[in-house]
Structure formats: C-alpha cells, structure tokens
Amino acid sequence: MLDIKLIRNEPELVRTALRRRGAQAEASLDELLELDRSRREILVVVEEKRSLRNSVSEEIAKLKRDREDAASKIEAMRAVGEEIKRLETELKDVESALEEELLRVPNLPDPSAPDGGEEDSVVLHHWGTPREFAFDPQDHLDLAVARDLIDMERGARTSGSRFAYLKGDLVFLQFALVQFALQRLASKGFRPVVVPVLVRDEAMYGTGFFPTDMQQVYRVEADGLNLVGTSEVPLAALHMDEIVDESDLPLRYVGYSSCFRREAGAAGKDTRGIFRVHQFDKVEMFSFCAPDKSAEEHDLMCSIQQEILQELGLPYRAVNIAVGDLGASAAKKCDLEAWLPTQGRYREVTSCSNCTDYQARRLKVRAKGEKGGPYLLHTLNGTVAALGRTIIAIMENYQTEEGSVEVPTALRPFMPIGMERIGR
RNA sequence: GGAGAAGUGGCCGAGUUGGCUGAAGGCGCUCGCCUGCUAAGCGAGUGAAGGAGUGAAUGCUCCUUCCGAGGGUUCGAAUCCCUCCUUCUCCGCCA
C-alpha cells in the first residue's frame with residue numbers, strides 16, 4: 001500500500017511512477033484523491049461535534065454531582081449525538097471506499113527496474129557454460145518416468161492435473177536440497193522457520209496477494225483460511241502489528257513450506273512434468289530491514305541465490321525484471337534462470353523482490369530506536385530453492401547417457417551415505 | 001468438539017453504584033544529579049493512529065480516536081448488552 005500522504009502531497013510523482021506499470025495502475029488516482037479530500041472534510045466536522053459533546057458531557061457530570069438540573073443540556077446533546085452517528089456512518093463509508101481503492105494500487109517501481117513488459121526484462125549476466133552432451137539429453141520427466149521417480153498419471157488420478165507423486169531417490173534429493181539450503185542460510189544469520197501454510201485473509205491482504213491475485217489462491221471457505229502460494233506470506237505476517245526494536249534489525253528468516261497455486265490463466269503452459277504444478281515445496285528467505293538498507297539487502301539476497309546455484313553447478317543467467325512483469329508489492333525484482341538443456345533456454349528457478357514499505361504499511365510492521373520512529377520497515381523476499389524446479393535443473397544438467405542422474409557434490413553430504421547417483 | 005476463566009500502556013497490575021482514567025501503583029527504559037567503580041538513592045521524562053493550525057526547519061500548539069476486534073444501549077462506556085477473535089484450565093478426540 002502506498003502512503004496516502006504521498007499521494008496527496010505528490011500526486012504527479014506517484015502518477016508518473018505508476019504510469020510505468022501501465023495505464024490501469026494510475027486510473028484510480030483521481031478518485032482516490034477525491035475520496036481522501038472528502039474524508040478529511042467529514043472528519044473535521046465529526047471531530048468538532050465530538051469535541052463539543054465531550055465538553056458538554058463534562059458539564060453534565062458536574063451538574064449531576066452538584067445535584068442540579070441537566071435536562072436541557074442532555075436534550076441538546078441528544079441531537080448532537082444523533083448528528084455524530086449520522087456523520088460517522090458517512091465517514092466510514094468514505095473510509096472503506098478509500099481503503100478499498102488504496103489496496104488495489106501497486107507499489108511504485110524502483111527507478112532501476114526496466115520499462116516495459118516481460119520481453120523487456122534485462123539480462124544482467126550469465127554464469128557457467130551449458131554442458132555439451134555427447135548424447136541426446138532427456139527431459140526430467142522421461143528420466144524420471146523410466147525409473148518411476150515422478151508419477152503424474154497417479155497424481156492426476158488422485159488430485160487432478162498438475163499434481164504429482166515424487167518417489168524414491170528423488171525424495172532424498174529433495175530433502176538434501178532442503179538441508180543444504182537451510183544450513184547455508186542459517187550460517188548466514190537467517191533463522192529457520194517452518195511456517196503455517198493456511199493463513200487468514202489479513203496475511204493475504206498484508207502481503208499484497210489480495211485483492212489483486214485472489215484467483216491464484218486456494219481458499220478453504222469453511223474456515224476462512226487460504227493456502228499460501230509461498231512462505232513469503234506467513235513470514236511477512238510474522239511481525240504483523242509489531243513495533244520491533246531497531247537494534248534487532250535486520251530480521252532475517254529462512255522458511256520452509258509447501259506452496260499451493262491454482263495457476264489460473266496458465267492453461268496449456270508448461271504442462272509437461274513438474275515444472276508448473278499446483279503444489280510444490282520451497283525454501284524461502286525473508287528479511288525485514290531499515291528503509292535505507294533495503295537496496296543493500298536486496299543485493300545480499302541476490303548474491304546468496306547465485307552462490308547456491310553456483311555450488312549446485314547449474315548454469316544460470318540473472319535477469320532484472322521489467323516493471324510490467326512485477327507483482328503488486330514489488331518495487332524491484334531479480335530472477336535467476338537456470339539452463340535447461342532439453343528446452344534450450346534459461347528458465348526461472350529463483351526470484352528476489354524488494355517490496356520497500358509496501359507490505360510493511362499493510363501489515364503495520366514498524367521499528368523504533370535511535371532514529372526515532374515508529375517507522376515502517378522494508379521487506380524483501382527471495383527464493384533459496386524452489387524444490388521442483390531445482391530438481392528439474394539438476395536432473396537435466398547432471399544426467400548420464402544411461403539415464404541416471406549424478407548428485408551434485410554440494411548435496412552429497414545430505415544424501416543417504418554413498419548415494420552419488422540417482423536411478424541406477 | 002463440550003464446560004469454565006480471562007484479554008488494560010514495553011512488561012506486571014489497579015480500575016463493576018457508567019462521568020474528572022490514556023489510564024493509579026510497580027518494573028523496565030531514557031536523560032540529569034549523586035556516589036572511587038558497581039549497586040543503591042534522588043529528580044524529570046517515557047504508547048499509537050488520524051486531523052487542524054503554525055514555523056524556513058529538527059518542531060510546536062490544539063483536537064479526535066484507541067483499554068482484544070466489531071456492533072449496541074446512553075447526554076456520556078475500559079466499565080452495561082450482543083457477536084467474533086485470542087489465550088489459559090478441565091473433559092473428550094487425535095498426528
């Protein structure tokens with residue numbers, strides 16, 4: 001959420017920034033300003049009346065204590081009370097309309113995010129050299145099906161399309177990745193957290209997934225809860241409504257959870273294998289930091305992501321995502337795309353966003369300390385390991401001619417003893 | 001799921017014949033004083049949100065709201081009524 005005061009005082013600055021996201025992002029700006037104006041107009045009147053009521057009520061109390069007659073004042077205040085009630089209703093209507101509009105306005109993009117849509121994202125650099133195969137490489141699903149490591153048919157029978165069973169040694173690989181990722185991040189000061197995956201609406205609104213991306217979310221209507229699409233949601237909500245001590249910053253967490261996405265609108269896209277499924281597991285890092293430190297923090301998180309792919313020996317490229325492709329809450333986002341030999345291209349495996357104070361304002365996450373305060377923090381999130389996609393990248397890049405998969409050396413300490421190869 | 005109890009400021013904790021309590025008292029914290037050091041002691045300060053006014057500015061003045069959340073009763077509610085949420089205890093069930 002944007003600061004209404006910023007919109008009020010610098011409407012043109014906001015308009016210009018939002019225009020980069022597209023016409024509809026700035027569409028509600030004028031209506032918003034009008035609602036804000038009328039809110040303050042009504043507020044002034046209400047407060048005057050309340051002030052009057054307060055002082056007269058005191059007089060009434062005094063008269064009653066002295067056992068004098070207060071009937072005429074009480075009678076007068078009855079009318080004022082009704083007037084206040086009427087104005088309060090009016091005020092509340094305006095305020096909820098304002099709130100509703102405000103919740104739909106996306107974050108202001110960072111100047112360093114490139115203009116344009118998906119195709120305008122800027123490749124920052126490459127790492128690693130895609131392997132030359134002396135044979136025809138197979139894709140992850142062929143490799144896995146041959147050894148019954150991924151079962152899409154039965155997944156579909158049980159749960160529908162885009163659900164899978166992961167089986168056998170691939171399960172060990174997944175948990176090796178989890179251990180590797182968690183330990184690496186913990187050693188860098190990120191506190192491991194297993195998060196709730198069912199969350200209240202507040203957490204969804206607070207992180208900016210509601211109302212914009214409601215159609216992507218599985219909802220458990222009976223309990224009014226939502227399945228999270230990423231542990232970013234419960235991690236961000238961890239400090240909801242809190243004023244933390246500035247000296248504890250930055251607060252760094254690494255979460256592990258299953259993630260659930262409806263993938264509405266992705267029909268026909270990436271239908272093969274487990275590249276795009278409704279349920280996958282992910283290790284995610286999250287940071288709350290001081291507002292003047294978030295650019296630095298973003299760099300740190302991006303470098304951690306790269307370090308991990310490098311240790312896994314997966315060739316990748318880093319991409320600065322264009323404004324049109326940013327989520328509502330991100331001011332800036334960088335993806336890492338790993339090389340998939342059978343697709344002959346780089347595909348997204350991690351993503352790292354700086355949400356500035358957008359989520360913090362919605363969630364009311366603040367700090368105070370020497371700098372004074374309470375002031376809003378900045379929040380950042382980044383993938384450490386999206387297990388499904390990382391497994392795909394490992395399988396495809398580390399496959400052997402006979403169809404087994406070598407385990408990257410970095411993961412071997414976390415595999416069953418002696419297991420250096422999967423599917424032999 | 002059933003039966004009870006409770007939710008007040010950073011923390012503990014007063015506050016039920018509704019009115020002068022944003023909130024006693026204590027702890028903690030900050031600043032100052034004092035003291036070889038430390039401890040103790042003394043003094044002052046110490047919640048948040050919104051709005052109006054004022055200033056070049058760090059600000060300052062005033063008002064409103066907030067005692068788990070939302071409604072209601074009343075001239076007036078932390079105090080009375082209703083709904084919801086959360087926590088605790090006991091029982092049942094269960095990974």
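Numbered from 1 within each chain, the chains take letters A, B, ... in sequence-line order.
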Between the protein and nucleotides 64-66 of chain B, are there any N/O to N/O pairs under 3.5 Å, and if so, what are the atom names and distances?
residue, atom, partner, partner atom, Å
B/U64, OP1, A/N54, ND2, 3.2
B/U64, O2', A/R50, NE, 3.1
B/U64, O2', A/R50, NH2, 2.9
B/U65, OP2, A/N54, ND2, 3.4

Could you pull out the protein-nucleic contacts involving nucleotides 78-82 of chain B (nitrogen or oxygen on both sides, under 3.5 Å)?
none

In chain order, what residues pass the side-chain hydrogen bond (donor to acceptor under 3.5 Å, both in side chains) check against A/S294, with sequence neighbours excluded? A/N354, A/H378
Contacts of A/Y398 meeting side-chain hydrogen bond (donor to acceptor under 3.5 Å, both in side chains) (sequence neighbours excluded), chain-then-number -> none
Pairs counted only when both distances fall under 3.5 Å, Watson-Crick or G-U: show me the 5' to 3' dot-bracket for RNA chain B, [ ] for pseudoknotted crossings and | for other-strand partners. ((((((((.[[[..)...(.....]]]((((((.......))))))((((((((....)))))))).[[[[[..)....]]]]])))))))....
Identify the pairs formed between an N or O of the protein and an N or O of nucleotides 18-21 of chain B at a distance under 3.5 Å, and give each distance.
residue, atom, partner, partner atom, Å
B/G19, N2, A/S57, O, 3.3
B/C20, N3, A/R65, NH1, 2.7
B/C20, N3, A/R65, NH2, 3.2
B/C20, N4, A/R65, NE, 3.2
B/C20, N4, A/R65, NH1, 2.0

For A/E100, enumerate each residue passing the side chain to side chain contact (heavy atoms under 4.5 Å, CB included) test, keeping only those at least two apart in sequence or located in another chain. none
Near-strand residues of residues 82-95 of chain A, defined as heavy-atom separation under 4.0 angstrom from RNA chain B: A/K85, A/K92
Does A/E396 have any side chain to side chain contact (heavy atoms under 4.5 Å, CB included) partners at least two apart in sequence or in another chain, and if so, which? A/D139, A/H140, A/L340, A/P341, A/T342, A/I392, A/Q399
Among residues 191-207 of chain A, which contact RNA chain B at a heavy-atom distance under 4.0 Å? A/R200
Test side-chain hydrogen bond (donor to acceptor under 3.5 Å, both in side chains) applied to A/E59 - qualifying residues, sequence neighbours left out: A/K73
C1' spacing across the pair B/C27 / B/U35, given as an integer number of angstrom: 23 Å
Hits for side chain to side chain contact (heavy atoms under 4.5 Å, CB included) against A/S57, two or more places apart or cross-chain, chain-then-number order -> A/R53
